[in-house]
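To start, the structure under review is shown below, and the notes come after it.
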4 protein chains.
Amino acid sequence: MPSKPKTKPAAPPSAGRPRKSPRERASTGRAPARRRADAKTADARRAAILAAALDVFSRHGFATARLDDVAAKAGIAKGTLYLYFASKEALFEELIRSHVTPLLDNLESAAAGAPPAALIARFFELFRTEILGTERKFILQLLISEGARFPAIAEFYHREVVSRGLHLIRSAIRDGGDAGMLPADTLERFPQLIVAPLILSIVWDSLFGRIDPLDVEGMLQAHARLLTAGKSSQ
Amino acid sequence: MPSKPKTKPAAPPSAGRPRKSPRERASTGRAPARRRADAKTADARRAAILAAALDVFSRHGFATARLDDVAAKAGIAKGTLYLYFASKEALFEELIRSHVTPLLDNLESAAAGAPPAALIARFFELFRTEILGTERKFILQLLISEGARFPAIAEFYHREVVSRGLHLIRSAIRDGGDAGMLPADTLERFPQLIVAPLILSIVWDSLFGRIDPLDVEGMLQAHARLLTAGKSSQ
Amino acid sequence: MPSKPKTKPAAPPSAGRPRKSPRERASTGRAPARRRADAKTADARRAAILAAALDVFSRHGFATARLDDVAAKAGIAKGTLYLYFASKEALFEELIRSHVTPLLDNLESAAAGAPPAALIARFFELFRTEILGTERKFILQLLISEGARFPAIAEFYHREVVSRGLHLIRSAIRDGGDAGMLPADTLERFPQLIVAPLILSIVWDSLFGRIDPLDVEGMLQAHARLLTAGKSSQ
Amino acid sequence: MPSKPKTKPAAPPSAGRPRKSPRERASTGRAPARRRADAKTADARRAAILAAALDVFSRHGFATARLDDVAAKAGIAKGTLYLYFASKEALFEELIRSHVTPLLDNLESAAAGAPPAALIARFFELFRTEILGTERKFILQLLISEGARFPAIAEFYHREVVSRGLHLIRSAIRDGGDAGMLPADTLERFPQLIVAPLILSIVWDSLFGRIDPLDVEGMLQAHARLLTAGKSSQ
DNA sequence: GATGAATGAGTGTTCATTCAT
DNA sequence: AATGAATGAACACTCATTCAT
């Protein structure tokens, strides 16, 4: 995961979120001058920290991760971390947050009025290309393993991703008629059944990936076939 | 498993092995004196420690859990822990191990030559009654969240539970003919698809259980229907 | 040093010293009957403990030695130690004490009115045969390395051994006339000069014995020649 | 020794090495910023720690010494210790090392081609002024009492001090002809006989210094007389 | 803003000692 | 007397956080 130039639309760090990290420029009233140069540097630093944090947290988990390592990997001094993030927890939470939002819009716009089967196909494809091959996989693993200890993060993720995603699926199923998806009403009630293999693949990878790799692509194709099984046979 | 000479399940947690003393000392070979009273006490203490450990580890995770708390909750002194477990890690690993083995026999014996659909039904029922309602749920959550940091545990679980469970399913599908299960060959290749919702329910519970409880029973019934969807329609 | 059947006139454990260890037979007023059988066992146990203690203390030093190891090596339970010795410190002190006294009588009687040169020869010979080749070497090393932390032991040793030994030498020199020993008055004032190489050999062995063994016998012969140097040349 | 490329004396304790920071971090290669003020402070702190360590280790011995006490006595927080020394053992070893090297040069340069008797006189004088009256006495006592448990230290001391010192004596004896030293060949073979009283005085002081102080100066003079006894009489 | 030395609370582990059996 | 399980005080070491420069 380190040095992966692929997808990094990560956190648009100058976007609308009221980032307050560089300590709300307290004290001195001088030097409100420079903007572009330093602003870019600050954003770059922030990004570097987040990238380093992802690497270190992924490797060791939240509790065992050392901010020393994060700072070293980000190429900054340890104290500098606290200019950008209020605490280890804050860094962790913002790390998760920064990697969560982007994908959603992608999904929602991409699957407006498509038929359910297409949506699912698109869904799985997105998962494989935008998550499995990416640092986002590690975010998901962190979320799964540490989420219970970070209720705010869990709630945020539920609100921003899970409920939106499930809603997306429900809508597609409802709107798409019974375009082949056999137990449409069932899946409308439990859209989790559609994503369950995705979760399994994440968990499987973190636990058994080394000793018994899983053919995720094959499994997802099989799952898609399963979900649309009735179509051809009816 | 009493008739399965395969692997060494480390610490048969309740069996009758005459554990001579906590942490058997290699030194003396004498004095097998009193037995009844203390043996029971030692087992009880061990059980109390494991129970306390499950509680504390579940609440805080491995790294953040304090052995002080475990000892206090077990009603013993901190040093006593080390008469029963060599280290925090050993305690954790034995905690997982001690809760893993039992269920297996249950499964394997229960579903000898049953038809796939019945096996799945039985499978889900076992999951609901023997895991969801039990401390085993926490064991599973611990396994999922900490397993990546405990390769020995992950491997043990894969060997003792996962591979055996998947093998069980595969066999049933193969033997059971296509007794209604639509894509039998598919499920034989990816039996993970059958258990995926179980994993999802565990993860969901740990993350969103508080804010958005999941109707696991309903979902599993739906899943079972999904898996056997073609039956009635064919 | 373990399993060295040579010299073990160690501590005559039933001699006049008011050993009080087996806990001054408190509580029960019964069973003052048996004597020989158990007394012998008790003495044997006591000896076994002291032997084990010598081994363990020698290997690890006082602070790092573990009473577990002493008990194990003595073939008794840990708690039993406290029936014979009040504490780790008491065990250590009695260990030193038990090995100290015997040699003195030997010396004093052996060198009654002998000429100084003969005394010194006898002295060095005794050192080589009764200390260097014996467990007493370890006692001396323990004394040297731990004595500063055990004032009672140091004082005891000074009183029982050092001052008596030095007195012995002084007397011999004074009584023996200047039978060849060159600076008789000098050595009478500093008999330590005679024993200094003995101490050095003990220290040298414990520090450098492994990497640069010392020919103690040769050195002592040379020392003896040095001390009686003037004799032949005058 | 400045002209002696032989061994690496580990940590030149006061030299000008621009120690970048306590416990040089392998990570960043930047920021050699401030130097004067902090560099001095860092060295002072290091010295303060070593001084405190000498005091505490001398008083209690290695195993019983508490790093809490060292830190308190050095006027720093406990964690700060670990910025300067990797562990208790490392602190102890560097403590010994830091006090060992300096004296050597002194000796070697001071006694180039001097006659043996003069060398010995100089030797004993150095011992009295540079060791007995100094903290080095405690270093020697620590070495003697703990050396057996620190092979690296013992070897280091043997290499840096003992062998060099003995070599010095041997050379002087050989080069100095038999300028009065009676058994020149004997002493050349066992130069330890010359230093034995020094060791004895160190041991004596640590054990009996309180109850029976030793006139070291008198003893050393007597020893010198003994060593050169034949001169006047021949 | 950036640095990194300093801090000190926190915790796993050891082991001499006790005591119920 | 003997046992050995239980105790709990003690301590080395870590690391998130602070702050003087």
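Just so we're on the same page: letters track the sequence lines, and every chain starts at 1.
OP1 or OP2 of E/dA6 has at least one side-chain nitrogen or oxygen of D/Tyr84 nearer than 4.0 Å. A/Arg45 has a side-chain polar atom (N or O) that falls below the 4.0 Å cut-off from OP1 or OP2 of E/dA2.
Atoms CZ (C/Phe92) and C1' (E/dA16) sit 16 Å apart, rounded to a whole Å. Going from atom CG of A/Asp68 over to atom C1' of E/dA6 covers 13 Å, rounded to whole Å. When the C1' atom of E/dC15 is taken as reference, atom CG of C/Asp69 falls 11 Å away, rounded to whole Å. The CZ atom of D/Phe62 sits 10 Å away from the C1' atom of F/dA12 (whole-angstrom rounding). E/dT17 atom P lies 13 Å from atom CZ of C/Phe85, rounded to whole Å. In this entry the distance linking NE2 of B/His60 with P of E/dG10 reads 14 Å, nearest Å. Here F/dC11 presents its P atom at 16 Å from CG of D/Leu91, a figure rounded to the nearest Å. The interatomic distance linking A/Lys78 (NZ) with F/dT18 (P) rounds to 12 Å, in whole Å.
Candidate nucleotides E/dT13, E/dT3, F/dA16 were compared by shortest atom distance to the side chain of A/Arg66, and F/dA16 ranks first. In the set F/dC13, F/dA1, F/dG4, the nucleotide with an atom closest to the side chain of C/Ala77 is F/dG4. Candidate nucleotides E/dT13, E/dA16, F/dA6 were compared by shortest atom distance to the side chain of B/Leu83, and F/dA6 ranks first.
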Give the C-alpha distance, both sets of side-chain angles, the deciding distance and a yes or no for side-chain contact (heavy atoms from CB on, under 4.5 Å) between B/Leu95 and B/Leu142. CA-CA 10 Å; B/Leu95 169 65; B/Leu142 277 175; 4.2 Å; yes

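Nucleotide E/dA20 forms a pair with F/dT3, judged by Watson-Crick or G-U wobble geometry with both contacts under 3.5 Å. With both pairing distances under 3.5 Å, E/dA9 is matched to F/dT14 as a Watson-Crick or G-U wobble pair.
Ring pair B/Phe150/B/Phe62: centre-to-centre distance below 6.0 Å.
Residue D/Thr80 is the one, among B/Glu89 and D/Thr80, whose nearest nucleotide of DNA chain E lies closer to the 5' end (criterion: closest heavy atom). Residue D/Thr64 is the one, among D/Thr64 and A/Gly79, whose nearest nucleotide of DNA chain F lies closer to the 5' end (criterion: closest heavy atom). Where C/Leu67 and B/Ala63 meet DNA chain E, the nucleotide closest to each residue was compared, and B/Ala63 sits on the side nearer the 5' end.
At least one side-chain heavy atom of A/Leu91 sits less than 4.5 Å from a side-chain heavy atom of A/Phe57. Between A/Arg66 and A/Val70, every side-chain heavy-atom pair lies at or beyond the 4.5 Å cut-off.
Residue contacts for A/Lys88: at a heavy-atom cut-off of 4.0 Å it reaches the sugar-phosphate backbone alone, with no base atom in range. Within 4.0 Å of C/Leu81, counting heavy atoms only, lies no atom of the nucleic acid at all. Residue-level contact check: A/Ala65 touches the backbone only, with heavy atoms under 4.0 Å from sugar-phosphate atoms and none from bases.
Under the 4.0 Å criterion applied to side-chain N and carboxylate O atoms, C/Asp43 and C/Arg46 are not assigned as salt-bridge partners. Look at A/Asp69 and A/Lys73 and you find no salt bridge, because none of the NZ, NE, NH1 or NH2 atoms lies under 4.0 Å from a carboxylate O.
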